[in-house]
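Start at 1 and go down the list; that is how both ligands and their atoms are numbered.
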Amino acid sequence: MQIFATEQIRAWDEYTIRHEPIASVDLMERAATACYEWLLQHHYKGRSFSIFCGKGNNGGDGLVIARLLAQSNHSVTVYILEFGHKGTEDFQINLARLHETAASILFISSNEAIHPIPSQDVVIDALLGSGINRPADGLTAELIQHINNSGNEVIAIDIPSGLYVDHSAKGNIVIKARHTLSFQCFKPAFLMPENAESIGDVHLLDIGLLPGFLEQQAAPFQLVDQAMVSAIIRPRNPFDHKGDYGHAAIIAGSYGMMGAAVLCARACLRSGVGKLTCHIPTQGYTIMQVSAPEAMCRTGENHSPHELEKYDTIGVGPGLGTHVENFDLLNSVFEQNRRPMVIDADALNLIGQEKALLKQIPPGSIITPHPKEFERLFGKTANDYDRIQLALQKAAEYNIYIVLKGRYTFIASPDGRGYFNSSGNPGMATGGTGDVLTGIITGLLAQKYSSLHAALAGVFLHGRSGDLAAAYSSQPSLIASDLIEFLGQAYQSLT
Ligand SMILES: NC(=O)C1=CN([C@@H]2O[C@H](COP(=O)(O)OP(=O)(O)OC[C@H]3O[C@@H](n4cnc5c(N)ncnc54)[C@H](O)[C@@H]3O)[C@@H](O)[C@H]2O)[C@@H](O)CC1
Ligand SMILES: Nc1ncnc2c1ncn2[C@@H]1O[C@H](COP(=O)(O)OP(=O)(O)O)[C@@H](O)[C@H]1O
Ligand SMILES: [K+]
């Protein structure tokens with residue numbers, strides 16, 4: 001699924017208007033009807049509503065929702081924020097239609113017209129939509145603050161007023177919604193952690209925009225979804241043998257952190273790797289052999305970084321520790337192995353301390369930082385959008401794939417393309433889940449998936465395992481080992 005910027009969303013509306021064909025006011029009717037139906041299907045039937053409208057097409061959506069609710073005997077008060085112009089054509093048509101219903105219509109042209117909102121009302125925010133081109137200020141800002149301070153439940157139409165579709169509104173005054181009802185496709189704003197407080201739960205409603213438009217468009221970002229990953233994962237041939245699925249090495253673990261190495265190894269095995277050798281500290285030998293009997297072990301000084309050429313790929317980092325001798329370990333790994341590999345956790349923290357190592361990373365490798373690790377590597381950014389751009393820039397500069405972990409993990413490809421993962425849940429915010437991801441991606445790379453495919457399929461399967469595990473038990477009780485147990489079902493769910 002594509003993730004479009006403002007201009008492309010507008011172009012998709014226009015394409016549908018021209019090719020279906022449909023009048024824009026009828027498309028607005030369809031969009032608002034989808035919102036109205038969502039409200040009825042989600043326990044809002046019979047409630048009373050305060051609907052706040054601007055004079056753009058977002059306000060037009062609000063007016064249609066108001067009419068549909070009033071016609072089905074809901075108590076509706078519409079507040080129209082005066083902008084000193086008549087409003088868009090579709091806004092005006094729908095204002096005339098609304099006058100024929102029982103809805104009360106009030107105009108807000110100064111702060112004296114801002115009155116308390118009845119506490120039982122559900123607030124619909126249709127003040128500003130994707131047409132916003134400057135921060136909400138003056139009366140608009142006052143009204144947004146008033147709504148936010150009211151304590152009423154707010155449902156935003158298309159996008160919470162004050163947010164931009166594709167750049168940061170950090171520090172601006174923005175509606176805080178419980179739900180956002182948006183149309184057809186994800187907008188970048190919904191994928192950024194900095195907007196979590198504003199967007200609430202996002203629901204994408206199908207308004208029948210024509211799929212033909214998608215074929216002509218190169219979206220700035222793609223959503224990693226089941227369809228994408230199902231097309232990546234190859235079926236197994238009946239005569240395959242373990243040699244066909246690669247030999248991976250995992251270099252991980254230290255005293256007190258053998259669990260990270262075990263999680264990584266077990267996830268790598270479950271991902272379908274042919275053979276796995278774990279390079280671990282001597283004191284972790286028994287732990288690993290007992291916990292992952294399918295894996296072979298190499299122990300010795302400094303994780304015994306010898307004969308690494310024989311592996312198809314290597315995953316390095318989980319639980320490694322950041323002792324000084326690990327700089328030699330990393331240097332040795334990068335010297336012996338020039339094939340794409342996976343670099344995570346303490347390996348990234350070491351590189352963060354010794355930035356010259358970045359240039360030694362084998363081309364096509366995948367690094368998997370969480371936001372803090374990313375910051376140690378590449379520095380702070382002012383906001384989440386800048387961080388995404390920095391990830392794309394650094395991916396190109398070092399010819400690597402950057403998997404920036406989070407709610408919607410971002411995958412930056414060195415060719416400039418960016419992907420947001422759609423699977424996963426906050427149950428996965430628990431120690432060790434990142435080690436599992438490293439194991440899965442390493443296992444996929446060993447099976448000769450391209451770096452891009454290993455990263456995309458790895459993050460999606462990891463999140464899907466988390467979703468299945470949380471559905472089976474619960475989010476709070478989820479632990480990293482559960483992801484490994486549910487990886488089989490995650491694969492199964494693709495077909
Ligand atoms: N046919 C269509 O085009 C459809 C449009 N839809 C709705 O249309 C919306 C986009 O409509 P518009 O492009 O009219 O955009 P808006 O409804 O967001 O309004 C933009 C207007 O507000 C002004 N403005 C921008 N920033 C402002 C600010 N900070 N303070 C005050 N005024 C500001 C702009 O100059 C412009 O006149 C979408 O969000 C969606 O809700 C939906 O009805 C789906 C179909
Ligand atoms: N709220 C969330 N929603 C979805 N996925 C999450 C969420 N929180 C964490 N995750 C996922 O869990 C993993 C955590 O990795 P990381 O921070 O490296 O943990 P650790 O170092 O303990 O292994 C990442 O893959 C991340 O995407
Ligand atoms: K809005």
Under 4.0 Å, heavy-atom basis, I'd like to know which part of [X] is in contact with ligand 1: side chain, backbone, both or neither.
{"X": "L128", "result": "both"}
{"X": "P135", "result": "backbone"}
{"X": "N58", "result": "both"}

Given atoms OD1 of N58 and OG of S161, what angle do they subtend at the K ion (ligand 3), to the nearest 10 degrees?
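With the K ion (ligand 3) as the vertex, OD1 (N58) and OG (S161) sit 100° apart.
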
Which angle, to the nearest 10 degrees, do you find at the K ion (ligand 3) between O in I159 and O in L128?
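With the K ion (ligand 3) as the vertex, O (I159) and O (L128) sit 90° apart.
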
May I have the list of side-chain donor-acceptor pairs in residues 132-141 shorter than 3.5 Å, sequence neighbours left out?
none

Give me the nearest non-hydrogen protein atom to atom 12 (P) of ligand 1 as residue plus atom name, then the distance to 0.1 Å.
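Nearest neighbour among protein heavy atoms for atom 12 (P) of ligand 1, to 0.1 Å: N57 N, 3.7 Å.
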
Measure from the side-chain N and O atoms of N195 to the backbone N and O of A189, and report whether any donor-acceptor pair falls under 3.5 Å.
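Pair found, side chain donor or acceptor close to backbone of A189.
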
With no hydrogens and no angle check, is any side-chain donor or acceptor of D467 less than 3.5 Å from a backbone partner on G424?
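Looks like yes, one N/O pair under 3.5 Å.
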
Any non-hydrogen protein atom less than 4.0 Å away from [atom]:
{"atom": "atom 35 (O) of ligand 1", "result": "yes"}
{"atom": "atom 9 (C) of ligand 1", "result": "yes"}
{"atom": "atom 25 (C) of ligand 1", "result": "yes"}
{"atom": "atom 40 (C) of ligand 1", "result": "yes"}

So, [X] versus [Y]: side-chain donor-acceptor pair below 3.5 Å or not?
{"X": "R266", "Y": "S291", "answer": "no"}
{"X": "S50", "Y": "D121", "answer": "yes"}
{"X": "E485", "Y": "Y472", "answer": "no"}
{"X": "S182", "Y": "K187", "answer": "yes"}

Should we say atom CD of Q217 is surrounded by more than 12 heavy atoms from elsewhere, each under 6.0 Å from it?
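Counting other residues, nucleotides and ligands, CD of Q217 exceeds 12 neighbours.
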
Tell me whether the count of non-hydrogen atoms from other residues, nucleotides or ligands lying under 6.0 Å of CD in Q216 goes above 12.
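More than 12 heavy atoms, drawn from other residues, nucleotides or ligands, come within 6.0 Å of this atom.
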
Which atom pairs, nitrogen or oxygen on both sides, join ligand 2 and the protein at under 3.5 angstrom?
unit_1: ligand 2; atom_1: 3 (N); unit_2: N425; atom_2: O; d: 3.3
unit_1: ligand 2; atom_1: 12 (O); unit_2: M428; atom_2: O; d: 3.3
unit_1: ligand 2; atom_1: 12 (O); unit_2: T433; atom_2: OG1; d: 3.2
unit_1: ligand 2; atom_1: 15 (O); unit_2: G434; atom_2: N; d: 3.4
unit_1: ligand 2; atom_1: 18 (O); unit_2: K405; atom_2: NZ; d: 2.6
unit_1: ligand 2; atom_1: 22 (O); unit_2: G432; atom_2: N; d: 2.8
unit_1: ligand 2; atom_1: 23 (O); unit_2: G432; atom_2: N; d: 3.3
unit_1: ligand 2; atom_1: 23 (O); unit_2: T433; atom_2: N; d: 3.4
unit_1: ligand 2; atom_1: 23 (O); unit_2: G434; atom_2: N; d: 2.7
unit_1: ligand 2; atom_1: 23 (O); unit_2: D435; atom_2: N; d: 3.3
unit_1: ligand 2; atom_1: 27 (O); unit_2: G406; atom_2: N; d: 3.3
unit_1: ligand 2; atom_1: 27 (O); unit_2: G406; atom_2: O; d: 3.0
unit_1: ligand 2; atom_1: 27 (O); unit_2: T409; atom_2: OG1; d: 3.1

Does ligand 1 have any atom sitting under 4.0 Å from a heavy atom of I132?
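The answer is yes, since I132 has a heavy atom less than 4.0 Å from ligand 1.
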
Check if R10 has a non-hydrogen atom at a distance under 4.0 Å from any atom of ligand 1.
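Under 4.0 Å: yes for R10.
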
Counting only nitrogen or oxygen atoms and a 3.5 angstrom limit, does D61 reach ligand 1?
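There is such a contact, yes.
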
So F221 and F420, would you call those rings parallel, tilted or perpendicular, with 30° and 60° as cut-offs?
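Because their plane-to-plane angle is over 60°, the rings of F221 and F420 count as perpendicular.
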
Within a strict 4.5 Å, meaning less than it, do heavy atoms of the I80 and K55 side chains meet?
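The answer is yes; the side chains approach within 4.5 Å.
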
Less than 4.0 Å between a side-chain N and a carboxylate O, is that true for D344 and K405?
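Yes, this pair counts.
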
With respect to atom 28 (C) of ligand 1, which of K187, E29, R134, K55 exhibits the smallest heavy-atom separation?
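Answer by nearest heavy atom: R134.
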
To the nearest 0.5 Å, what is the distance between CE on M341 and OG1 on T313?
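One gets 7.0 Å once the value is rounded to the nearest 0.5 Å.
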
